[in-house]
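Working notes, structure below.
Each chain gets a letter, A, B and so on, in the order the sequences are listed, and its residues count up from 1.
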2 protein chains.
Amino acid sequence: MSPKAQIPGIAFRKHDHRRCQRQLLSEATQLCAERNLRLTSRRRQVLEILLASHQPMGAYDILAELNRTDPDEQIAPPIVYRALEFLLGEGLIHRIESLNAFISCAQPGHRCGAQFLICRDCDQVAEFEASDDGLLAEAGNLGFAVDHSVVEITGVCAECQKHVG
Amino acid sequence: MSPKAQIPGIAFRKHDHRRCQRQLLSEATQLCAERNLRLTSRRRQVLEILLASHQPMGAYDILAELNRTDPDEQIAPPIVYRALEFLLGEGLIHRIESLNAFISCAQPGHRCGAQFLICRDCDQVAEFEASDDGLLAEAGNLGFAVDHSVVEITGVCAECQKHVG
DNA sequence: CGACATAGTGTTATATTATAACGTAACGAT
DNA sequence: ATCGTTACGTTATAATATAACACTATGTCG
């Protein structure tokens, strides 16, 4: 189902994708239960679409996917944006600002800021664990109260460097 | 996004703004000369508008400003976007991804990645010097060839914390 | 139960941000 | 002076996002 599963890239280090997807969905379900929140079917639908690719999708891509799988009803943008808003708020997905796109979170529940590597060759995006502690500390030293940090690094992933160079 | 020069904030630590503005414009002129590039009057106009506030402005705000100061001609979006593209390319301005906005660079010529603190209270944005070396190093360790990094930290600046709390 | 409050969804219209495509003008080299 | 290139101008439209309001489902408390 993921459009680019065969393309070598930074994000899909071999893993059992179906399993991973199921796992994340179940974590999301549990997390919402714990927080006493409603993972409604719309919200779940949107999350599933994002989980299916692990890759960033625009809101309108998601919309198209919804309308494709369910051609009876014609969904409009606000429905998607509202689901995204919920999922973002609960840390189940992230927004990639420099792509105007959304991606499922690799570690839902860890309410930490996320960092992303964005390959401009294969368009894949990897969430990576980097300590932005230094940055946040410096912000703190300036008396700045941090809400949210966006770290998005664009470049060429290891795989793509091989294939081009 | 009108300028908010009187609002206390993170960006305008007291400085002779007129002087600073003149200085940066002159640096830009010199830098283009060195690089054998044309800082045309359109490009200069756009840069001046951004320098005038030191604050992020949307492309359409800049457009409005152009059309306000020169009501004879009615400028269209592509003109602004092309000027912005040029200025971005030369590191004379930055794009704030999470605001879809543009801001003049505090240190043109230093072709380093920029980091921003964005106050969600007073809407001011400060470019700050933080070492994102750690992040970039980690990206490098993963074999990722970095082109460009976006670091945007949202929160509440020191001034606004005083006024609210 | 049933009336209410609230949260979520659906729908229409529209705002905001950005670019494609194509023609004209300015500049710079030979 | 002409030619190739770069920048500008113009029109139209694409892509992204939200406002506003009506309707439906869900939980809750008498």
*Would you state whether a donor and an acceptor, one from the side chain of B/Tyr81 and one from the base of C/dA20, lie under 3.5 Å apart?*
no
In whole angstroms, how far is the [atom2] atom of [N] from the [atom1] atom of [X]?
X        : N      : atom1 : atom2 : result
A/Leu87  : C/dT9  : CG    : P     : 10 Å
A/Asn100 : C/dT16 : CG    : P     : 16 Å
A/Phe86  : C/dG8  : CZ    : P     : 7 Å
B/Arg82  : C/dA26 : CZ    : P     : 15 Å
B/Leu88  : C/dT17 : CG    : P     : 16 Å
B/Met57  : C/dT16 : CE    : C1'   : 15 Å

*asked:* We want to know whether A/Gln21 and A/Arg18 form a side-chain donor-acceptor pair, criterion being a heavy-atom distance below 3.5 angstrom.
replied: no
Please tabulate, one pair per line, all N/O donor-acceptor pairs under 3.5 Å involving side-chain atoms of residues 75-88 of chain A, not counting sequence neighbours.
none

*Evaluate the side-chain proximity of A/Ile96 to A/Phe116: yes if any heavy-atom separation is below 4.5 Å, no if none is.*
yes
_Nucleic acid contacts of residues 37-46 of chain B, taken as heavy-atom distances under 4.0 Å to DNA chain C_ =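 Contacts with DNA chain C under 4.0 Å: B/Arg38.
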_For B/Phe102, ring pair (Phe, Tyr, Trp, His ring centres under 6.0 Å) partners two or more places apart_ =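 B/Phe102 satisfies ring pair (Phe, Tyr, Trp, His ring centres under 6.0 Å) with no residue once adjacent residues are dropped.
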Using a 3.5 Å distance criterion without hydrogens, assess whether the side chain of [X] forms a donor-acceptor pair with backbone atoms of [Y].
X       : Y        : value
A/Asp70 : A/Glu73  : no
A/Gln55 : A/Ile103 : no
A/Glu65 : A/Ile49  : no
B/Arg38 : B/Ala33  : no

*Keeping to residues at least two apart or across chains, list the side chain to side chain donor-acceptor pair (under 3.5 Å) pairs with something in residues 140-153 of chain B.*
A/Arg120-B/Asp147, B/Ser98-B/Glu152, B/Asp132-B/Ser149
*If you take all heavy atoms of B/Cys119 and B/Cys122, which pair is closest and at what distance?*
SG-N, 3.4 Å
_Out of the candidates A/Gln107, A/Gln115, A/His94, only one should pair with A/Glu127 under the side chain to side chain donor-acceptor pair (under 3.5 Å) rule; please name it._
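That would be A/His94; it is the only one of A/Gln107, A/Gln115, A/His94 passing the side chain to side chain donor-acceptor pair (under 3.5 Å) with A/Glu127.
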*asked:* What is the first contacted nucleotide of DNA chain D and what is the last, in 5' to 3' order, if contact means an atom lying under 4.0 angstrom from a heavy atom of chain B?
replied: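 Both ends considered, the range comes out as D/dA7 to D/dT11.
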*Taking only heavy atoms on the protein side, list every residue of residues 68-80 of chain B lying under 4.0 Å from any atom of DNA chain D, sorted numerically.*
B/Gln74, B/Ala76, B/Pro78, B/Ile79
*For C/dA18, does OP1 or OP2 lie under 4.0 Å from any side-chain N or O of B/Arg95?*
yes
